[in-house]
There are 2 protein chains.
Amino acid sequence: MAKRVSLWNAGCPVARALDVIGDWWSLLIIRDAFDGVRRFNEFQAGLGIAKGMLATRLRGLVGKGVLDTAPASDGSAYREYVLTEKGRGLFLVIVALRQWGEDYLYRPGERRSSLVEARTDVPVGKLKLRSAKGRPLEWSDTRVTRC
Amino acid sequence: MAKRVSLWNAGCPVARALDVIGDWWSLLIIRDAFDGVRRFNEFQAGLGIAKGMLATRLRGLVGKGVLDTAPASDGSAYREYVLTEKGRGLFLVIVALRQWGEDYLYRPGERRSSLVEARTDVPVGKLKLRSAKGRPLEWSDTRVTRC
DNA sequence: CAGTATCCCCCCTGATACTG
DNA sequence: CAGTATCAGGGGGGATACTG
């Protein structure tokens with residue numbers, strides 16, 4: 001979001017990514033978009049966000065190329081908000097957040113949604129970092145180059 | 001961060017994760033921690049964050065079990081902030097953000113840091129979602145179960 | 001339904017000064 | 001160096017009313 005201080009010019013892709021979707025609501029809106037939400041009121045009801053804030057956030061995400069507007073699929077006069085390819089690129093960010101939440105933020109037995117293969121309803125596997133050649137990598141096997 | 005409205009009780013691990021690290025500064029602090037930053041002033045100088053905010057954020061992250069304090073490794077009287085196992089679990093979130101930033105937020109030729117294998121300096125591979133059996137999965141192959 | 005327009009409060013955030 | 005304290009501002013964010 002346009003904060004007072006923008007990290008856009010940093011040479012760090014993490015900072016630049018957070019500059020775009022690092023505010024409180026954006027990732028939740030995007031999560032809902034991945035779950036099939038398309039209409040203003042659906043977002044509003046699902047998130048409990050104020051309408052004004054939602055309008056601002058949707059406008060911002062469209063402006064940043066994460067969402068796009070499309071004519072309503074049901075023929076009504078209103079537009080819908082759909083993920084662009086850039087927006088769909090955030091899928092793994094959402095998945096990573098989800099898997100971290102599942103691993104560290106729930107106690108056994110607590111009800112929660114889960115990400116499954118659509119055809120079989122089998123939970124998806126855990127994300128894993130690998131080398132360019134496919135060997136599993138831990139954090140300690142990596143470093144960040146100075147830019 | 002503790003906002004007015006907490007999503008903690010949602011049955012969605014994504015929402016619960018964002019409730020913990022979804023504010024502007026936390027992920028940047030955590031990114032720096034992954035890059036080896038441990039001291040108050042290092043964080044402060046590197047992030048350009050106000051000291052008061054930094055103190056609040058560090059306290060919050062320690063309280064949430066993402067960071068822990070440890071005696072200074074150089075023998076000085078001050079403590080250091082280090083990632084807990086829970087905090088280290090956020091590695092893939094940072095990596096996912098980084099890879100998205102690299103893919104969609106930089107033009108060819110722009111300087112940026114990059115994540116490489118420490119031993120060889122070869123860039124790591126791209127994260128990929130796979131089924132429980134290891135088959136590559138796209139977003140469209142998945143769905144989120146109602147909780 | 002899909003927003004826009006206002007009002008208002010509080011907290012984030014920055015700046016500065018102070019302490020061990 | 002590693003914070004705490006205090007002050008001041010600006011905008012994030014909620015609530016409500018209004019419009020096409």
Heavy atoms from C-beta onward define the side chain here; which of C:dA17, C:dG3, D:dG13 lies closest to that of A:K51? C:dG3
Please list, in numerical order, the residues of residues 36-44 of chain A that have a heavy atom closer than 4.0 Å to any atom of DNA chain C. A:R39, A:F40, A:N41
I need the CG-P distance between A:L28 and D:dG12, as an integer number of Å. 17 Å
For the residue pair A:R39 and A:Y78, would you count it as a cation-pi contact if the rule is NZ or CZ under 6.0 angstrom from the ring centre and within 45 degrees of the ring axis? no
For A:A50, answer base if it contacts any base atom (sugar-phosphate contacts may also be present), sugar-phosphate if it contacts only those atoms, and nothing otherwise; contact means non-hydrogen atoms under 4.0 Å. base
What residues form a ring pair (Phe, Tyr, Trp, His ring centres under 6.0 Å) with A:F40, not counting sequence neighbours? none
Any side-chain N or O of B:R79 under 4.0 Å from OP1/OP2 of D:dC1? no
Which atom of A:I21 lies closest to which atom of A:L27, heavy atoms considered: O-CG, 3.6 Å
I'd like to know whether B:K126 forms a salt bridge (Lys or Arg N to Asp or Glu O under 4.0 Å) with B:D103, so could you lay out the CA-CA distance, the side-chain angles of the two residues, the decisive distance to 0.1 Å, and finally the verdict. CA-CA 10 Å; B:K126 293 258 185 163; B:D103 288 348; 2.4 Å; yes
Between P on C:dC11 and CZ on B:R57, what's the gap in Å once rounded to a whole number? 13 Å
Point-to-point distance, once rounded to the nearest 0.5 Å, from CG of A:L28 to CG of B:D19: 9.5 Å
Report the distance from atom CZ of B:R112 to atom CZ of B:R107, rounding to the nearest 0.5 Å. 13.5 Å
Taking the minimum atom-to-atom distance to the side chain of A:Y78, which one of C:dT4, C:dC1, D:dG3 wins? C:dC1
Is the distance from OP1 or OP2 of C:dC12 to the nearest side-chain N or O of B:W25 less than 4.0 Å? no
What's the separation between atom CG in A:L115 and atom OG1 in B:T142, rounded to the nearest 0.5 Å? 4.5 Å
A:L54 has an atom CG; how far is it from atom P of C:dA2, in whole Å? 11 Å
Return the value, rounded to whole Å, for the distance between atom CD of A:E80 and atom P of C:dC1. 14 Å
Assign the ring pair B:F34 / A:W139 to parallel, tilted or perpendicular, where the plane angle (0 to 90°) is split at 30° and 60°. perpendicular
Within this structure, what is the OH-CZ distance for the pair B:Y81 and B:R59, rounded to the nearest 0.5 Å? 8.0 Å
Rounded to whole Å, CH2 of B:W24 lies from P of C:dG14 at a distance of 11 Å
Atom-to-atom span, CE of A:M53 to P of C:dC12 - whole angstrom: 15 Å
Does a nitrogen or oxygen in the side chain of A:R59 sit under 4.0 Å from OP1 or OP2 of C:dT4? yes
How bent is the helix from C:dC1-D:dG20 to C:dG20-D:dC1, comparing axes over its five end pairs at each side, to the nearest 10°? 40°
Tell me the interatomic distance from A:D23, atom CG, to D:dG12, atom P, rounded to whole angstroms. 9 Å
Rounding to an integer number of Å, can you tell me how far B:L47 CG sits from C:dT13 P? 12 Å
